[in-house]
K.L.:
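I have a structure here, written as structure tokens, and I will follow up with some questions on it.
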Amino acid sequence: MVLKNIKYALKKIPQPPVTRMYPEVATELSDRFRGLQILDKSKCIGCGICANTCPNNTIRIIKAPITPGSDKKRWFPEIDIGHCLFCGLCIDQCPKGALSSGKEYTTGVIKWKHKDLLMNPDKLAREVDLEEGDEK
Amino acid sequence: MAIEFPEFIVPFLPWIRGIVGLSLVGAIFLGAMGAVWIERKLSADIQSRMGPCRVGKYGLLQLVADAIKLFTKEDLKPRNADSLLFNNATIFMMSSIFLMLVAIPVGAVFINGVEYPLAVTEMDISVLYIEAMSAITIFGIFMVAYGSNNKYSLLGAFRNFARMVGYEVPLGITVVSVAVMTGSLNIVEISQAQGMLWNIFLQPVGCFVFFVALMADMGRLPFDQNESEEELIAGWITEYCGMRFGLAFFAEYIHMILGSFLVTLLFLGGWNVPAFVSNNPILGLIAPTGFLLIKVVFVLMVIIGMRWAVPRFRIDQVVDLSWKRLFPLALLNLVWAVGLGLYLGA
Amino acid sequence: MDVRKIIESLTGTFPEAISEAVTESEIRARAYVDKEKAREVCQYLKDSLQFDHLCSVCGVDYIKRNEMEVVYHIASYDHPVVLTLKAVLPRDNPEIESIVSVYWNANWYERETYELFGILFKNHPNLKALVLPEDMMGEWPLRKDYKGFPNTTARNLV
Amino acid sequence: MEEQLESNEMIIHLGPQHPMQPGPFRLNLRLKGETVMGAEIELGFIHKGIEKILENKTYLQGITIVDRICYLVALTNEECFVGCAEKLLGIEPPARAQYIRVILEELTRLQSHLLGMGEFGEFIGFVSMFMYTIREREEILGLIDMVTGARVTHSYLKFGGVRDDLPAGFKEKAIPVLNKLKKAVNDFEEMFHTDRIYRERTVGVGVLTADVAKSLGVSGPALRATGVPFDIRKNEPYLVYKDLDFKVCTETAGDCFARVQVRINEIRESIYILEQCLDQLPGGPLFPEGTPYGRRTPVMRVPAGEVFHRVEDPRGEMGMYMISDGSDKPYRVKVRGPYYPTLQALPPLIIGTTVADVAAISGSMDGCTSEADR
């Protein structure tokens with residue numbers, strides 16, 4: 001009557017579990033995974049195409065120093081990842097290929113305060129630690 | 001045949017029975033926690049996932065954590081629920097479990113040849129008594145249905161009535177057929193009579209019907225209609241939380257342990273194994289109870305395994321399964337037992 | 001059932017109701033229909049031309065031409081031709097005959113078009129809101145002149 | 001509902017948050033004891049206003065919005081939207097891009113059917129079936145994740161082609177996964193066939209005859225289970241389905257058992273299609289030559305016009321009616337979800353059955369309320 005189910009269940013008992021302990025064992029990401037964007041300041045010309053192609057218009061172009069600490073400023077994108085879809089349209093539409101997708105999706109990205117979700121160009125270019133300036 | 005105790009023990013007998021009873025209550029609660037742990041780990045293995053492994057070594061303390069959570073959670077009551085019925089429903093269920101506990105021998109002790117069963121009381125009609133006490137849970141469910149003013153629990157409880165009434169009859173008949181064959185209603189004598197040959201070989205049909213009826217009596221899948229999550233959210237215990245839910249939750253698991261005790265005592269030969277007779281004192285103390293517990297854990301694993309391998313019946317299919325198929329099988333088994341009893345008796 | 005034969009039989013039986021019937025491709029056809037005759041045309045399509053699968057009923061608001069359109073996409077389980085029937089309605093009080101009696105599954109489509117555009121479907125079984133709450137019935141959100149709810153979504157940092 | 005209530009009946013809400021539903025919709029049942037006397041469905045709990053949003057987004061941004069119509073089958077939604085726009089633009093993706101699209105859509109169909117089967121098993125109490133199918137579905141999602149970079153909302157298609165090529169070694173990774181899935185599906189089918197409790201719960205429950213299904217406008221596995229071979233991939237072949245050979249799987253009984261059986265057969269057909277596509281994958285570019293369309297989509301002014309494009313979604317026939325007025329934003333996009341008529345056909349199906357059967361019938365329809373509300 002229900003023997004096939006019971007036989008299938010018994011066959012499953014010795015097999016090792018498929019699940020894993022999440023925080024300890026990290027998820028292995030595919031190489032095309034779209035995490036937090038990486039900005040290459042040398043290529044970016046501040047044209048703002050990524051700003052107006054973003055579906056949730058979460059990108060804004062602001063003046064930011066070229067290299068950390070220098071006083072010469074240029075226009076760079078600033079992404080509000082609170083509204084970002086991580087869809088990658090800005091990465092495709094960039095004429096100079098200045099934006100590429102990184103692999104951070106939990107460590108540097110989850111924040112306590114709403115205002116910290118605003119990733120300024122230094123953080124995007126990974127010149128500054130992503131956690132810097134956050135309120136716990 | 002009452003067991004004669006040496007006279008120096010007789011004045012202390014009620015005290016000994018009291019101690020055995022209290023330790024049994026504690027042991028049963030630990031056993032219930034063990035059963036819940038076995039269920040979670042076994043279901044995890046069947047579904048190839050990990051099961052609880054964060055609290056304690058292999059998730060052993062998970063049950064302690066659950067118990068603490070259940071007993072410390074706030075005890076809500078729906079606004080216009082009938083407080084008398086609502087508050088005492090799960091107490092009724094737990095009481096029926098403890099009343100059953102009194103008559104079930106949990107093991108035996110061999111002291112220089114004389115066998116003393118570890119049971120709180122030993123009655124001549126203990127099997128009948130156990131059946132009667134297990135029927136008290138219906139009052140508890142009746143109180144839940146009318147007490148918690150919730151349509152889901154009303155539906156769940158009505159399903160419970162249909163199933164319980166449907167399965168008391170084959171349960172009773174198979175128990176009677178075992179008693180007829182061994183010639184006594186005392187559960188200790190029934191298990192002792194199976195010294196050489198277990199009842200499961202004498203009455204295979206009776207054992208199957210008893211096992212299925214017991215599964216239905218306890219509300220274990222595939223007879224899980226009263227708390228089927230898919231249709232009735234949590235069935236008859238939808239409105240319970242905190243301490244009362246804890247009582248109902250443990251009552252179900254203790255009922256499962258006592259059920260597996262009944263199966264081993266009536267059909268799997270209680271604490272005696274065919275080819276084992278020993279008279280050295282230390283082994284005599286531990287061995288019988290050990291055998292009994294091993295058999296109980298095996299039956300428990302089978303009951304739990306059924307839940308994760310089989311879908312659920314619809315309530316009308318459950319009821320006609322009991323009246324149209326199990327009931328005639330039980331009668332057939334009764335006739336077979338009477339014939340066997342006459343043949344063995346003569 | 002070839003597209004051209006369908007168009008000829010359609011324009012033949014309803015000369016004054018069907019106008020500008022055109023075949024876009026091998027399996028697509030388009031036609032304007034008079035709004036009073038919409039139900040008879042659907043009935044005829046269903047009975048004699050085996051168009052028994054109603055794909056969808058939707059509304060379109062042409063604010064420049066100050067008129068609204070109810071568009072029926074009718075397909076069939078047997079042949080791949082999909083016919084698009086369009087009925088033009090005045091924008092101030094858009095009303096049309098409901099075709100629930102012909103195609104049972106038009107019920108929800110018409111209710112949805114009613115709550116989004118405000119197009120009244122006469123003798124529809126129960127014409128009330130399907131997806132939007134009752135108190136939004138006056139606003140007809142999908143019309144082009146809809147100013148929109150006050151923006152209460154999360155504040156955008158950017 | 002309240003006024004027809006007789007004395008011995010009661011109304012029970014299988015409400016928006018209920019373990020039995022694929023998505024939030026409220027099902028009010030009028031019960032007499034266990035049998036259902038009347039049923040009514042209320043929607044709108046997950047209404048996102050997608051058609052209004054699409055009117056304010058450009059075509060490129062629309063792709064990410066269209067992913068979220070039915071979050072289980074993002075790729076078929078994209079295929080429908082991009083197909084409409086390509087018909088208006090008059091461009092045709094090259095052969096390789098079409099094959100990659102078919103591969104991904106068949107993978108989406110596999111994981112959607114697996115989830116549907118698992119959920120149906122859980123609705124009739126067979127909880128382990130959900131775990132077994134989810135385990136197989138993880139491998140299929142791993143394959144899709146390898147190609148598109150996302151597990152659920154991919155936004156992988158572009159106008160005229162696809163965003164990236166298949167990664168190297170995709171075929172060597174895909175074939176073993178598909179063979180393992182074939183064995184697993186045989187196990188599941190055998191379990192369904194030999195299990196008497198499962199057959200008792202599903203055979204003859206929620207029977208839908210062919211002409212009733214046609215009049216209700218049902219499409220997809222629920223319709224094919226009644227014997228009507230209506231499959232958009234055969235009736236109106238799009239992409240490269242015309243030169244792939246596969247058969248439309250139909251059953252005749254039209255009850256819950258037949259619907260799940262149709263899904264199992266379709267899983268086998270999809271695996272067969274995938275194997276063909278992986279063998280016949282041609283070389284060549286991903287975007288049409290000579291047109292400005294590529295991974296970096298130019299500013300698109302779609303010429304004025306209207307088009308109705310249909311695609312075979314795992315749940316049925318998904319259609320989009322797009323009107324463009326020459327600007328870079330679509331003038332009006334009407335989305336015809338495949339589960340919309342099936343959900344509408346639920347109340348007449350469940351009148352007269354018991355509460356337990358309501359769970360079985362609504363589970364066997366394998367619904368997605370998010371596309372019914374849009």
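This one's a predicted model, so the numbers in the text were calculated from it and none came from an experiment. In what follows, every chain begins at residue 1, and chains take the letters A, B, ... in the order their sequences are listed.
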K.L.:
Rounded at 0.5 Å granularity, tell me how far CD in B:Gln47 sits from CE in D:Met129.
P.N.:
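Here the rounded value is 11.5 Å.
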
K.L.:
Is it the case that the side chain of B:Lys151 and the backbone of D:Ile11 share a donor-acceptor pair, with hydrogens and angles ignored and the cut-off at 3.5 Å?
P.N.:
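Indeed, once roles are kept as given, a pair shorter than 3.5 Å links the two residues.
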
K.L.:
Applying a heavy-atom distance below 4.5 Å, give me the residues of residues 317-327 of chain B that approach chain D, sorted by number.
P.N.:
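So the qualifying residues are B:Gln317.
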
K.L.:
Mark yes when over 12 heavy atoms from residues, nucleotides or ligands other than B:Met50 sit less than 6.0 Å from its CE; otherwise mark no.
P.N.:
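Counting neighbours around CE of B:Met50, more than 12 heavy atoms of other residues, nucleotides or ligands fall under 6.0 Å, so yes.
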
K.L.:
Can B:Ser48 and D:Met131 be said to form a side chain to side chain contact (heavy atoms under 4.5 Å, CB included), step by step?
P.N.:
CA-CA 8 Å; B:Ser48 61; D:Met131 298 297 176; over 6 Å; no

K.L.:
At their closest point, which heavy atom of D:Asp195 faces which heavy atom of B:Pro311, and how far apart are they?
P.N.:
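Heavy-atom minimum between the residues: OD2-CD, 2.9 Å.
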
K.L.:
Taking everything shown except D:Phe45 itself, do over 12 heavy atoms lie less than 6.0 Å from its CZ?
P.N.:
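Count over threshold, so yes.
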
K.L.:
If you count every heavy atom of other residues, nucleotides or ligands that lies below 6.0 Å from B:Phe298 atom CZ, does the total exceed 12?
P.N.:
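12 or below, so no.
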
K.L.:
Check whether more than 12 heavy atoms from other residues, nucleotides or ligands sit under 6.0 Å from atom CZ of B:Phe92, and answer yes or no.
P.N.:
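Open.
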
K.L.:
Taking 4.0 angstrom as the limit, do D:Glu34 and B:Arg314 come out as a salt bridge?
P.N.:
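No.
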
K.L.:
If you draw a 6.0 Å radius around CZ in B:Phe249, do more than 12 non-hydrogen atoms from other residues or ligands fall strictly inside?
P.N.:
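Correct, the count exceeds 12.
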
K.L.:
Under a 4.5 Å heavy-atom cut-off, does chain B meet the side chain of D:Ile134, its backbone, both or neither?
P.N.:
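Neither part.
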
K.L.:
Considering only heavy atoms, which portion of D:Tyr132 lies under 4.5 Å from any heavy atom of chain B: side chain, backbone, both, or neither?
P.N.:
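Only the side chain of D:Tyr132 comes within 4.5 Å of chain B.
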
K.L.:
Given the rule in the side chain to side chain contact (heavy atoms under 4.5 Å, CB included) test, do B:Arg312 and D:Arg201 qualify, once you have shown the distances and angles that lead to the verdict?
P.N.:
CA-CA 8 Å; B:Arg312 173 185 299 127; D:Arg201 271 302 295 277; 4.3 Å; yes

K.L.:
With a cut-off of 6.0 Å (strictly less than), are more than 12 heavy atoms of other residues, nucleotides or ligands near NZ of B:Lys73?
P.N.:
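No, because the 6.0 Å sphere around NZ of B:Lys73 holds 12 heavy atoms or fewer from other groups.
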
K.L.:
Rounded to the nearest 0.5 Å, what's the gap from CZ on B:Phe313 to CD1 on D:Ile124? Could you check?
P.N.:
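The distance works out to 11.5 Å.
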
K.L.:
Which atom names give the shortest non-hydrogen contact between D:Phe126 and B:Ala309, and what distance separates them?
P.N.:
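Looking at all heavy atoms of both residues, the closest pair is CE1-O, 3.5 Å.
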
K.L.:
If you count heavy atoms of other groups shown closer than 6.0 angstrom to OH of D:Tyr71, is the number above 12?
P.N.:
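Yes, the 6.0 Å shell around OH holds more than 12 heavy atoms from other groups.
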
K.L.:
D:Val355 and B:Arg159: side chain to side chain contact (heavy atoms under 4.5 Å, CB included), yes or no, with the steps?
P.N.:
CA-CA 12 Å; D:Val355 181; B:Arg159 287 181 174 188; 4.0 Å; yes

K.L.:
How would you list all residue pairs meeting salt bridge (Lys or Arg N to Asp or Glu O under 4.0 Å) that involve residues 18-29 of chain D, not counting sequence neighbours?
P.N.:
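Sorted result for residues 18-29 of chain D: D:Arg26-D:Glu42.
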
K.L.:
Closer than 3.5 angstrom, by distance alone: can the side chain of D:Ser128 be matched with the main-chain N or O of B:Trp308 as a donor-acceptor pair?
P.N.:
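Present.
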
K.L.:
Output the distance between atom CG (B:Asp316) and atom OG1 (D:Thr354), rounded to the nearest 0.5 Å.
P.N.:
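Here the interatomic distance stands at 6.0 Å.
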
